[in-house]
Amino acid sequence: MRILLLTHSFNSLTQRLFCALSERGHLLSVEFDIADAVAEEAVALLRPDLIVAPYLRRAIPESIWSRHRCLIVHPGIVGDRGPSALDWAISARRPEWGVTVLQAEAEMDAGPVWAAETFPLRAARKSSVYRNEVTEAALRAVLTAVERCQAGDFVPQRVPGQAHALMVQADRALDWTRMTTAELLARLDAADGVPGVADELFGQPCQLFDAWPEATLQGEPGALLGRRAGAVLRATADGALWLGHVRRAGGIKLPATQAFAEAASLPELPLPGWWKSPTPTWQDIAYEEAGGVGFLSFEFYNGAMSTEQCRRLTEAFRWASGRPTRVIVLRGGSDFWSNGIHLNTIEAADSPADESWANINAIDDLAEAILRCRTQLTVAALGGNAGAGGCFLARAADQVWVRDGVMLNPHYRNMGNLYGSEFWTYLLPPRVGADGARAIMQRRLPMTAAESVALGFYDACLPGPGFTVDVARRAAELAADPAFPARLAAKAERRAADEAAKPLAVWRAEELAEMRRNFYGFDPSYHVARYHFVSRSPHSWTPRHLARHRDLDWKVPR
Ligand code: COA
C-alpha cells in the first residue's frame, strides 16, 4: 500500500511506524501537518491508499477524510475521546489504559474503530508511557488496522463514547502545603514533557518538569530545602520532591539551578559517592555492582548531556574502571540512552558557540575514556532511544546491546548540517563500510534496533521484556568467561594497533575541525536549527528526505 503518515512531527512513535510499515513492504511518505492546503497537496501528489495520523494536534480537514480513509492513533481506550487523553489517565492513576485506531470523521475520535490495544498503566511520566507502552500498543494496533484495510473484509464498528475536555492548568494546580508527595507527583507526571505544571519558584512563575520523590529529607511544606546536580528539593505535606527542570515564562526548559540563579543560595545536598542510593532520591549518575560487573546508569533528562554532566559521568566512569570488576555496563537512562550534547544548556549560555565547543569536547573526553579503558570490557546497554552523538558514544564501548523496540538516529545533519564528533569517523566505517557510513549519515532516517544489528553497527538486539535482566545475565557470563583475560588482551592489542595506524587524537582533531566550522564559521545553520529545536518551533515544511512525494522525479507507482 502507499501510506501517507500525516503527523505534527516525525516523533519517535511516527518513526517506529515508518520503519515497521516500510519493513512490511509498504511505500511510506511523510507530511507534517502544517496547513490544510499543504496536506491536500501531499494527498494529491502521493494518491495514498491509506492515510495514518500517528500524532496530530488538530483535526484532519474534511476535504481529506471525506475522500480518503484516514486512521487516527488515539492514545486512549475504546470509547475515550478528546484531547489530553493520557494526561487524564495518568493523573487519575488508572490501572489500565490503551490505544485506539479509529477512522477520522467530523466528530473528534468518534469514528469507527479499526483496532485497539490495552496495557497496564505504569505510575510514570506521560512522555515515558508514550515512548514505551503507548508506542508498543500503537504499533500493534496500526499493523492490525493496516492488515484489516488490506484484507478488505473487516467492518469497523462505531462505539459510544464520552469526550473529555482539554486539561488546563487549573486542573493541574499544585498545593505544596497540603498535597502529599504522591498527589503532587501524579500531577507532575501527567504533564511531563509537555506542557509542565504552572507554578512558582523563588516567587517567579514557571512550569515544572522532571520530578523525583525523596525518601528521607523533609522540611516545612512548600519550602525549598536544597539543591543537587541541577535539581532543587521542595518539601511537600508528607515528604519532599526533587524538581530537575523548569521553564520560566518566555524561556526554554533548563535544569532548575541554571534557570534560577537564586538556587545557588540553597544548601547543597550531595550524595556521598557514585553508589546507587539505597532509598529513593534524585541521583542522575548511579553505580551498582554484582558478580564482577559494574553497572553505571545516567538518568539525564531527555537524554541530553551537558558539559557538566559529561564531566561528572567521565569522573564516575574513571572511578568505576578502578573497581575490581571485569565488565562495566553503561546503562544510560530509562527512556533515553543518550541524545548527545545538551542543546538547551547550550542555547541558554552567554556564548552558545563556546558552550557547544565545551560540550562536544566534554562528550569526546567521555568517549575517549571508554575507548581507552584497559581494565574492563565495556558494554553499552541501550534500553532507551538514542540519537546523534549518543549513538556513537554507545559505539565507543566494546559491545553494544540494544533493546528490541529502541529507535536510533545515528546521524547529525538534521541539526543544521552538524558534522558530528564522538569519534564517529573512527567507529562507524569499520562496522558498516565507507559507503554504508555515508548512506547512514546522508539519508538521515531512523534505524530500528534489529536493523542496527543486521548492518553490523551494534552487536545484539535483545527482546524488550526482561531486557535489564538479560543484560545483567549476559554481562555476568562475559565476566565469568574463562577466555576473559585473552579477550581483554586482544582488546588492548587492537587498540594499540589502531593507535599506531592513526592516533585517536588525530581522529578527534579532524572531527573537531569540522565542528569548529559549524560553531564558529560563517554558516549559521546549526545555531538556527538549534534555536528552533529548543524553542519547539512548529515545522514550516517537511524535509524532502521524508516527504518522498515531493521528490522532483516522484511518479505515482502503478
Ligand atoms: N538536547 C536537548 N534536548 C534534547 C536533545 C538534546 N540533544 N535531544 C532531545 N531533546 C529533547 C527535546 O527537545 C524534547 O524536549 P521536550 O521535553 O521539550 O519535548 C525531548 O528531548 C524529546 O525529544 P523529541 O525530539 O520530542 O523526541 P523524539 O524521540 O521524537 O526524537 C531525536 C528523538 C533524537 C531524533 C530528536 O530528539 C533529536 O533530533 N535530538 C537532537 C539530537 C542532536 O542533534 N544532538 C546534538 C548533536 S550530538
Side-chain angles (χ1 to χ4, degrees), residues 7-19 32 54-55 125-128 130-132 134-135 191-196 207-210 244-247 251-255 258 300-307 309-310 333 335-349 352 355-357 359-364 366-367 382 384-394 405-424 441 444-447 511 514-515 518-519 525-527 529-537 539 543 546:
T7 184
H8 177 75
S9 74
F10 199 45
N11 69 350
S12 51
L13 167 58
T14 312
Q15 296 182 10
R16 190 80 189 282
L17 295 178
F18 179 90
C19 292
F32 291 162
Y55 168 43
R125 293 177 189 170
K126 177 170 67 167
S127 54
S128 180
Y130 185 83
R131 285 201 182 90
N132 292 284
V134 169
T135 298
D192 210 326
V194 181
Q207 314 281 124
L208 304 182
F209 305 89
D210 190 19
H245 279 73
V246 304
R247 186 171 58 226
I252 58 173
K253 240 186 228 184
L254 287 173
Q258 186 178 352
F300 298 149
Y301 190 65
N302 284 336
M305 300 170 85
S306 69
T307 308
Q309 285 165 325
C310 291
D335 285 341
F336 291 103
W337 196 85
S338 166
N339 279 330
I341 57 175
H342 200 316
L343 299 167
N344 290 50
T345 54
I346 288 171
E347 187 68 28
E355 185 52 31
S356 301
W357 184 250
N359 205 160
I360 200 70
N361 273 285
I363 204 168
D364 279 2
L366 173 60
L382 277 68
N385 296 347
C391 295
F392 302 103
L393 181 66
V406 155
M407 282 313 313
L408 305 163
N409 278 277
H411 45 79
Y412 299 88
R413 286 183 53 195
N414 286 343
M415 197 53 61
N417 269 329
L418 205 57
Y419 183 80
S421 189
E422 294 94 0
F423 298 94
W424 75 266
M441 286 291 166
R444 296 180 279 158
L445 287 174
M447 192 186 274
E511 288 175 0
E514 300 281 346
M515 290 297 258
N518 289 139
F519 300 156
S525 301
Y526 156 72
H527 296 291
R530 189 195 60 239
Y531 168 81
H532 287 297
F533 181 80
V534 305
S535 316
R536 310 310 281 160
S537 306
H539 294 287
L546 299 178

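When a ligand or atom number is given, it counts from 1 through the structure's own listing order. Each residue takes its place number in the sequence, starting with 1.
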Under 4.0 Å from any heavy atom of [X], which atoms of ligand 1 are there?
X      : answer
Gly389 : 48 (S)
Asn344 : 2 (C), 3 (N)
Lys253 : 16 (P), 17 (O), 18 (O)
Arg131 : 22 (C), 27 (O), 29 (O)
His342 : 1 (N), 2 (C)
Asn11  : 30 (O)
Met415 : 41 (C), 44 (O)
Ala388 : 42 (C), 43 (C), 44 (O), 45 (N), 47 (C), 48 (S)

Cation over ring face, Arg536 and Phe533, 6.0 Å, 45°:
yes
For [atom], what's the nearest protein heavy atom and its distance?
atom                    : answer
atom 1 (N) of ligand 1  : Leu343 N, 2.9 Å
atom 12 (C) of ligand 1 : Arg536 NH1, 3.5 Å
atom 30 (O) of ligand 1 : Ser12 N, 3.0 Å
atom 11 (C) of ligand 1 : Asn302 ND2, 3.4 Å
atom 35 (C) of ligand 1 : Asn409 ND2, 3.7 Å

Would you check whether [X] has a nitrogen or oxygen atom less than 3.5 angstrom from a nitrogen or oxygen atom of ligand 1?
X      : result
Glu422 : no
Gln15  : no
Ala304 : no
Tyr412 : no
Asn385 : no
Gly193 : no

Are Arg131 and Phe336 close enough, and set up right, to give a side-chain contact (heavy atoms from CB on, under 4.5 Å), and what steps lead you there?
CA-CA 10 Å; Arg131 285 201 182 90; Phe336 291 103; 3.3 Å; yes
Using the six-membered ring wherever Trp is involved, compare the ring planes of Tyr412 and Phe392 and label them parallel, tilted or perpendicular (cut-offs 30° and 60°).
parallel
Ser525: what forms a side-chain hydrogen bond (donor to acceptor under 3.5 Å, both in side chains) with it, not counting sequence neighbours?
Asp523
Under 4.0 Å and counting heavy atoms only, is there anything from the protein next to atom 9 (C) of ligand 1?
yes
Strictly inside 4.0 angstrom of atom 4 (C) of ligand 1, do you find any protein heavy atom?
yes
Atom pair [atom1] ([X]) and [atom2] ([Y]), whose distance is rounded to the nearest 0.5 Å:
X      : Y      : atom1 : atom2 : answer
Leu418 : Glu514 : CG    : CD    : 10.5 Å
His411 : Met447 : NE2   : CE    : 8.0 Å
Asp364 : Ile341 : CG    : CD1   : 9.5 Å

Testing the 3.5 Å rule here: is there a donor-acceptor pair between the side chains of [X] and [Y]?
X      : Y      : value
Asn359 : Ser356 : no
Thr307 : Glu355 : yes
His342 : Ser306 : no
Asn417 : Asn518 : no

Which one of Asp210, Asn344, Asp192 satisfies the side chain to side chain donor-acceptor pair (under 3.5 Å) criterion with Tyr301?
Asp192
At under 4.0 Å between heavy atoms, is it the side chain or the backbone of Leu418 that contacts ligand 1, or both, or neither?
side chain
Residue part near ligand 1, for Asn339, under 4.0 Å between non-hydrogen atoms:
both
Do the two ring centres, one from Phe519 and one from Tyr526, sit under 6.0 Å apart?
yes
Of the listed options Leu408, Leu393, Ile341, closest to atom 46 (C) of ligand 1 (non-hydrogen atoms):
Ile341
For the student: nearest non-hydrogen atoms of Tyr130 and Pro54, plus distance
OH-O, 4.3 Å
Contact with ligand 1 for Phe533, non-hydrogen, under 4.0 angstrom
yes
